[in-house]
Amino acid sequence: MALKLSQRQSVSQVQAQRMSQRQVQALSLLAMGAEDLREEVLKEAEKNPALEILSDKFQSGLQSARFKKSPDGNLRVGVASSLGEEKAAAFQEILESRPDERKSLFLHLTAQLNLLNLDAAEKSLCQKIIGNLDARGFYILAPVSLLDRAVGENEELLQKCIGIVQSFDPPGICAENVESSLLLQAQLKRNAPPLALFLLDGHLDFLNPPLPQKILEKIQAFVREQKKLSFSTEDYSFLKKVSEADIQNVLNFIKSLDPFPARDFGSNDAPRVFPDIFVERVLDNGEAGGLGDGAAVDYERRRVYVEEGLSFFVKVSSPMIPKLGIAPDFNLEKNKSPFAKAAVEGAKAFLEILEYRESALAKAACAIVQKQAAFFRDGPGKLLPLSQKDLAKQIDVHESTVSRIASSKYIQCQWGIFPVKYFFPSAVADFSKESVAHEIQKILSESSDKKMSDQKVCDALAERGIKVARRTVAKYRAQMQIDSSYFR
């Protein structure tokens with residue numbers, strides 16, 4: 001049977017949405033983390049001569065040797081010759097290309113960890129803690145964000161593992177910052193004077209200036225203030241007998257400590273994390289008036305008002321991202337060539353995309369702070385269930401946009417640095433899994449009844465407004481490696 005083939009023309013109308021190249025680029029930049037965005041910015045600046053890098057905090061060795069005239073008339077300045085610049089660049093290249101033969105901090109700590117007889121859960125979490133340390137020996141992410149509650153990791157195990165790593169050489173690693181590292185080093189020394197522990201534990205500002213007489217005056221003023229606080233339970237009686245000689249001895253002791261304990265080791269193999277969003281706690285004086293009860297957002301000012309007298313300011317900034325502007329040579333009033341016009345239009349479009357990215361991150365961050373106000377106010381253990389879909393609905397964007405915002409981004413607040421995805425916990429009975437597990441652990445630790453059954457824990461949760469099934473309590477208790485009432 002022969003087939004008859006024929007051609008026919010027909011007209012049909014189809015409505016389709018296609019994204020422009022600019023929209024595609026905007027979504028691409030929105031999904032990038034700080035490191036990838038930096039590469040994209042530098043690539044665009046190199047490609048488009050109308051884009052000028054105004055400042056770059058991470059730029060190393062590329063500053064011009066030509067200095068502008070100083071406002072100080074007594075300061076003599078000069079210009080490096082091209083030969084001098086060439087020799088300096090060659091010498092710098094030799095220094096930078098020389099391999100770092102020192103043992104890395106990561107390998108040094110891992111070798112000590114392998115000598116200990118730890119169970120699988122402890123060793124796994126210790127490895128994550130070691131991988132979370134930067135080249136100085138300080139935390140990259142907040143330690144609590146390392147917990148994997150699905151395998152039973154909890155705060156008690158975290159503190160135990162932190163203590164294990166802090167006992168390793170060099171002393172002072174696995175700390176939040178310089179001040180906490182100095183305090184840790186002092187605590188590890190058996191001969192640490194009580195006055196040194198006092199000064200390093202939240203009173204380091206007393207050492208500015210480091211003059212015994214001035215420090216003694218500040219200590220005496222502190223003692224007088226403590227007398228006025230009838231509810232104070234701390235014993236500061238030893239401060240009354242402090243002399244200038246004691247303070248000098250303490251200054252010598254503190255000078256013996258190392259503010260950067262990992263300085264003698266090679267570069268760490270662990271990746272560095274650069275926050276994209278900063279959430280700063282602000283004490284207000286009734287500034288939130290008219291915004292209503294509870295957490296309210298002022299997106300324009302990037303402020304989240306939590307309660308009377310307390311708000312949070314959201315700032316989108318990364319030291320890795322260079323500041324860009326239009327190069328003066330491409331002033332269209334002076335240079336009206338088609339090439340200059342096209343370059344300026346491309347530069348302005350790219351700057352607008354960067355502004356859109358910053359605005360989108362700020363808006364999403366404000367909404368996250370509003371939804372998770374209890375966490376930013378009180379700390380870990382206070383997260384509420386939140387989905388990316390719910391957040392997208394609140395800020396009126398597509399869910400995929402929130403997904404791009406959450407990808408490879410980090411938020412820094414007073415509790416540490418957290419991945420944006422950390423603030424989207426799944427829900428159990430209108431509470432986040434983290435919050436429920438935290439409450440179960442708290443109930444069991446506070447109860448005088450060591451044989452407290454899962455049903456009693458379930459009832460105690462219900463009294464706190466958390467309604468979950470007994471089997472849910474049993475599941476979370478098992479994940480936290482807490483024995484049943486029969487074995488406790």
Side-chain angles (χ1 to χ4, degrees), residues 30 33-34 37-38 55 57-58 132 134 136 138-145 175-181 202-205 208 272-323 354-384 386 391 394-395 402 405-406 408-425 434:
L30 185 62
L37 181 61
R38 172 180 173 81
S55 64
K57 295 181 180 179
F58 267 63
N132 187 44
D134 62 18
R136 302 170 301 172
F138 300 157
Y139 297 134
I140 298 175
L141 297 178
V144 70
S145 67
E176 184 179 354
N177 49 37
V178 171
E179 185 173 350
S180 57
S181 174
H203 303 96
L204 205 59
D205 56 313
N208 186 21
R272 294 188 65 184
V273 169
F274 298 94
D276 304 86
I277 302 164
F278 297 83
V279 179
E280 301 175 0
R281 191 184 186 105
V282 181
L283 297 178
D284 295 310
N285 296 317
E287 203 174 323
L291 287 176
D293 297 330
V297 186
D298 185 343
Y299 289 110
E300 186 176 348
R301 299 178 60 198
R302 300 182 181 179
R303 293 284 286 273
V304 181
Y305 299 91
V306 176
E307 58 190 25
E308 187 67 30
L310 176 63
S311 68
F312 291 93
F313 173 66
V314 173
K315 178 183 178 184
V316 178
S317 175
S318 175
M320 290 198 71
I321 312 304
K323 301 296 182 183
L354 291 179
E355 289 178 5
Y356 162 75
R357 180 183 184 274
E358 178 182 339
S359 175
L361 286 180
K363 190 172 184 179
C366 286
I368 289 174
V369 174
Q370 180 191 26
K371 293 291 187 180
Q372 304 292 7
F375 170 88
F376 288 97
R377 181 186 58 202
D378 304 323
K382 299 294 183 180
L383 282 180
L384 298 177
L386 178 63
L391 192 76
Q394 179 180 344
I395 60 177
V402 175
I405 290 173
S408 305
K409 313 292 190 312
Y410 296 88
I411 293 179
Q412 179 171 324
C413 63
Q414 69 182 103
W415 310 110
I417 301 176
F418 298 84
V420 173
K421 291 183 179 179
Y422 177 78
F423 298 97
F424 295 98
E434 182 200 54

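Every residue two or more places apart in sequence or in another chain that forms a side-chain contact (heavy atoms from CB on, under 4.5 Å) with Ala373 is listed here: Ala295, Val306. When the side-chain contact (heavy atoms from CB on, under 4.5 Å) test is applied to Pro322, the partners found at least two apart in sequence or on another chain are Arg38, Val41, Leu42, Ile53, Asp56. Listed by chain and number, the residues in a side chain to side chain donor-acceptor pair (under 3.5 Å) with Ser180 are Asn177 (sequence neighbours excluded). Contacts of Glu280 classified as side chain to side chain donor-acceptor pair (under 3.5 Å), with partners at least two apart in sequence or in another chain: none. Scanning for side chain to side chain donor-acceptor pair (under 3.5 Å) contacts around Tyr356 gives an empty result, with sequence neighbours left out. Evaluation of the ring-ring contact (aromatic ring centres under 6.0 Å, His included) rule for Phe376 yields Phe423 as partners, not counting sequence neighbours. In this view, Lys421 and Ala406 satisfy the side-chain contact (heavy atoms from CB on, under 4.5 Å) rule, not counting sequence neighbours. Applying the salt bridge (charged side-chain N to carboxylate O under 4.0 Å, His left out) rule to Arg377 yields the partners Glu307; only residues at least two apart in sequence or on another chain are considered.
A distance of 6.5 Å separates CD1 in Ile277 from CD1 in Ile368, rounded to the nearest 0.5 Å. In this structure, OG in Ser311 is found 8.5 Å from CZ in Arg301, a value given to the nearest 0.5 Å. Atom CZ of Phe312 sits about 5.0 Å away from atom CZ of Arg281, to the nearest 0.5 Å.
For residues 358-370, every residue pair satisfying the side-chain hydrogen bond (donor to acceptor under 3.5 Å, both in side chains) rule, not counting sequence neighbours, is listed here: Arg302-Glu358, Gln370-Gln394. Pairs passing the salt bridge (Lys or Arg N to Asp or Glu O under 4.0 Å) check and including a residue from residues 365-375, sequence neighbours excluded, do not occur.
Test Val144, Leu141, Ile411 against Tyr422 for side-chain contact (heavy atoms from CB on, under 4.5 Å) and you get one pass: Val144.
Within the 4.5 Å cutoff, side-chain heavy atoms of Phe424 are placed close to those of Leu391. Put simply, the side chain of Ile405 reaches to within 4.5 Å of the side chain of Leu361, judged on heavy atoms.
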